[in-house]
Amino acid sequence: MKILKQLEQLGYELKVRDGNIEFKFRGEGANDYEKSLELLYEIKKRKIRAKNYLLCHYKQYKKVVAIDIETTATMPQDGKIALIAINDNKGSKVVYDAKEIEDILSDVEILKVFHNASFDVLWFEYFGYKVNEYTDTMIMSQIINNRIRQENSLADVAHKYLNVVISKQLQDISNWNGVISQEHEEYCKRDAEITYKLYFILMNEIHRLELYPVLDREIRALPAIIELRKNGIKFEYDKWYTQILEYEKEKDMIELEVKSILNDQELNLNSPIQIIESLNKFGINVTSSSDEELAKFSDDYEVIKLIRKYKKIKKRISSFGEKLKEKIDDDECIRGKWNLIGADTFRMTCTSPNLQGMPRVSKEYFVPRNKESIFVIADYSQIELRVLAEISNDELLIDAFKNGEDLHRKTASMILNKDISEVTDEERSIAKAANFGLIYGMTSYGLQKKIKADYGMEVTLEEAEKFRNGYFEAYNDVLMYQDKMLKSDYIETLGGRYWSKETSELDRGSIKRYNYPIQGTSAEGLKEALHLLMMKKYKEWLLVAVVHDEIVLEVPCKDEDVAKDILSDCMVKGMSKFIKKVPIEVDVKSSTTWDKS
DNA sequence: GCCATCACG
DNA sequence: ACGTACGTGATGGCA
């Protein structure tokens, strides 16, 4: 038991429970993480059943290495791996061919550390090298600092924790010119060394802040991100383009019409300032050119309807027209740059292009890459409202979901004090706007505007106010939840993330505090689901898109039914890790396009 | 480079 | 009296 003694000295508390030895870092003491890993590996070798729920759960590695690669392009289909540096506690070396480290990459007893693993692992896997057991110092930094888009580059993190300044001079691919110099090798080696050092420092921080479960979940979700980047999704651009040309014609016609009605030939309909000016001159007192503002005048002026339509079509053409062509690879697939932690709430994001924001009308042009395959598409039913039910503990909300009621209809019936069967479709629409808006702090004025913009329905400010009051009278615990969030010093998700004085604080009194636990928990449940899916899916199934509450798989037609079962099962199980008080429901279907229909 | 706007959830 | 639901990414105008 000498080893256990040593672990105790390193700051770990030992407990024997159910025949297992559990370790927990006390938060003080030496906590030499590198040494602890060695000791734990010794224990594992001697077949002592040891379970360390904080350190690494069941994972103990015989060795840790950090790896950094330099590539000739940003995406693997456009280039190759030019240089690989690998570092362990004995120093670093450089190799040019991934083949030389193939055994290390696949060894499940060696932990590979990358800074931004989804980049490096994507490249290795694209060229046929399996990478088992890896982790990511960039993700650790994002989790520790609760900052997502800034200060997480290797240079930033190195500066913060190692107090070293590293130059980015050689980082730009365009400076490489295909020639690798001694300088490049040193640069690459240095990055691997820094990554190695950072791993142990950041791991200590993760334990100290009790964020290991959060890290573990993000790391387990990484393979899904790599899949998304690797696979891409097929897009029938030529067909979409003929549609775009139609939109173009329509847009030009509307533009002429608007100009003639407003008697303003110089008007640029893309300029908010000019629209406001021109409309004011015409006698319509808009204060902004946003759709919500224009909606107020839509019933009274034909020209407003035209402008609203123009803006919609213009958006499609400018953001999703010819610009998409350059994003399409030789195999007709679009590969977005998916980010695992893109939002402050830890939602995923996607850029160039943003595949999470494709317009509904374009979805029917996204198709499986061959005739023998089909999309299996699943999405959570009203997930944020279910998370709200769990967190707020609101009995009415919980009952509604337990009984499988139509929540919007129920909300309308509660507020209007009438039987569910008597609720009209219009009333249901208002309740729907209320359900989605009020939980994040919408005012009665905002509700009024939203109802007009989305459904074209007029309600007075008094009616909206009455609706709002009625909502919180009915769902009283939601009001309690919001009040608690405004005042609390500590805001948390159900998956273990938190905002506090020590990590990062959310503005006191800010209504975005309502949203963070809900959107954050939903994102955590989705990542748990993605992990399960990656374990359970057949290897020929392709993960092609993930949009916050929706997962799209591309599977051989013969697997259609089993894929539906597995996908919805994983989604339910993943989210149910956190949501216990209400059932999780998933709508699943198969389709020859991404169209929801 | 920032702002307003609008695509998605 | 004032401003008025959260989280993103991409675009065009404007300075």
Side-chain angles (χ1 to χ4, degrees), chain A residues 148-149 267-277 286-295 307-324 326-327 336-363 366 379-385 387-388 432-451 453-454 461 464-465 468 471 478 482 485 491 493 506-507 510-523 526 545-552 594 596:
Chain A
I148 278 45
R149 279 169 301 280
L267 173 63
N268 182 350
L269 276 170
N270 302 321
S271 164
I273 296 172
Q274 291 184 35
I275 287 182
I276 297 167
E277 215 177 64
V286 293
T287 54
S288 119
S289 76
S290 74
D291 191 61
E292 262 187 0
E293 172 73 8
L294 295 179
I307 294 174
R308 289 181 79 189
K309 193 158 189 190
Y310 174 91
K311 283 161 154 272
K312 263 198 150 49
I313 297 173
K314 170 71 191 175
K315 185 75 180 176
R316 258 177 234 160
I317 297 168
S318 64
S319 284
F320 307 103
E322 273 175 276
K323 286 244 160 66
L324 268 185
E326 27 187 282
K327 309 288 185 192
K337 294 198 180 83
W338 294 83
N339 303 305
L340 184 62
I341 302 177
D344 289 339
T345 53
F346 276 31
R347 264 194 180 179
M348 290 159 49
T349 57
C350 181
T351 61
S352 58
N354 177 11
L355 288 166
Q356 293 179 319
M358 303 310 293
R360 262 184 284 278
V361 286
S362 75
K363 293 279 175 80
F366 288 91
D379 66 318
Y380 288 110
S381 158
Q382 299 179 331
I383 190 57
E384 295 204 342
L385 288 169
V387 176
L388 175 67
K432 192 174 174 182
N435 274 330
F436 289 126
L438 297 180
I439 61 170
Y440 299 130
M442 194 183 248
T443 60
S444 42
Y445 178 78
L447 183 61
Q448 182 194 27
K449 260 202 321 192
K450 187 77 183 159
I451 290 166
D454 283 8
L461 197 54
E465 178 77 30
R468 186 170 183 277
Y471 178 92
V478 175
Q482 296 191 340
M485 285 305 106
I491 293 189
T493 64
L506 294 176
D507 297 338
S510 157
I511 55 174
K512 70 181 183 183
R513 285 164 160 247
Y514 303 161
N515 176 261
Y516 272 49
I518 296 168
Q519 199 181 101
T521 302
S522 309
L526 183 73
V546 178
V547 194
H548 309 308
D549 66 351
E550 176 189 13
I551 296 176
V552 185
W594 193 1
K596 274 216 158 78

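Just so it is clear: chains get the letters A, B, ... in the order the sequence lines come, proteins before strands, and each one is counted from 1.
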Protein-nucleotide distance (Lys327(A), atom NZ; dA7(B), atom P), rounded to Å: 19 Å
Go through DNA chain C in 5' to 3' direction and return only the first and the last nucleotide with some atom under 4.0 Å of chain A's heavy atoms. dT4(C) to dC14(C)
So salt bridge (charged side-chain N to carboxylate O under 4.0 Å, His left out) across residues 337-355 of chain A, not counting sequence neighbours, yields Arg149(A)-Asp344(A), Arg347(A)-Glu384(A)
Measure the distance from CD1 on Ile317(A) to C1' on dA7(B) and round it to the nearest whole Å. 14 Å
Presence of Arg316(A) side-chain N/O under 4.0 Å of dT5(B) phosphate oxygens OP1/OP2: no
Taking CG from Asp291(A) and C1' from dC8(B), how many angstroms apart are they, rounded to a whole number? 15 Å
Could you check whether Lys449(A) gets within reach of a base, just the sugar-phosphate, or nothing at all, counting any heavy atom under 4.0 Å? nothing
Can you tell if the side chain of Thr493(A) reaches within under 4.5 Å of the side chain of Tyr516(A), non-hydrogen atoms only? no
Can you tell me the distance, in whole Å, between the CE atom of Met358(A) and the C1' atom of dA7(B)? 9 Å
Does dA7(B) have OP1 or OP2 sitting under 4.0 Å from an N or O in the side chain of Lys315(A)? no
What residues, two or more places apart in sequence or in another chain, satisfy salt bridge (charged side-chain N to carboxylate O under 4.0 Å, His left out) together with Glu322(A)? none
Is Gln274(A) touching bases, backbone alone, or none of the nucleic acid, heavy atoms closer than 4.0 Å? sugar-phosphate
Can you tell if the side chain of Asn515(A) reaches within under 4.5 Å of the side chain of Met485(A), non-hydrogen atoms only? no
To the nearest angstrom, the CE-P distance between Met348(A) and dC8(B) comes to 18 Å
Search all heavy atoms of Tyr445(A) against all heavy atoms of Leu461(A) and return the closest pair with its distance. CA-CD1, 3.6 Å
Find the distance Lys311(A):NZ to dA7(B):P and express it as a whole number of Å. 9 Å
Touch class at under 4.0 angstrom, heavy-atom based, for Tyr514(A) against every strand present: nothing
Pairs touching residues 267-277 of chain A that satisfy salt bridge (charged side-chain N to carboxylate O under 4.0 Å, His left out), sequence neighbours left out: none
Atom-pair distance (CG on Leu385(A); P on dG9(B)), nearest Å: 15 Å
When rounded to the nearest Å, what value does the distance between P atoms of dA4(B) and dA5(C) take? 16 Å
Rounded distance in Å between the P positions of dA1(C) and dC6(B): 30 Å
Mind checking Ser352(A) for me? I need base, sugar-phosphate or nothing, with any heavy atom below 4.0 Å counting as a touch. sugar-phosphate
Any N/O pairs under 3.5 Å between the protein and nucleotides 2-4 of chain B? List them or say none.
none

What's Gln356(A) touching, base or sugar-phosphate or nothing? Going by heavy atoms closer than 4.0 Å. sugar-phosphate
Heavy atoms only: give me the nearest Gln356(A)-Val547(A) pair and the separation to one decimal. O-CG1, 3.6 Å
May I ask you to test the Ile511(A)-Tyr440(A) pair for a side-chain heavy-atom distance under 4.5 Å? no
Name all stems that contain residues of DNA chain C, defined as runs of 3 or more consecutive Watson-Crick or G-U wobble pairs, both distances under 3.5 Å. B:1-9 with C:6-14
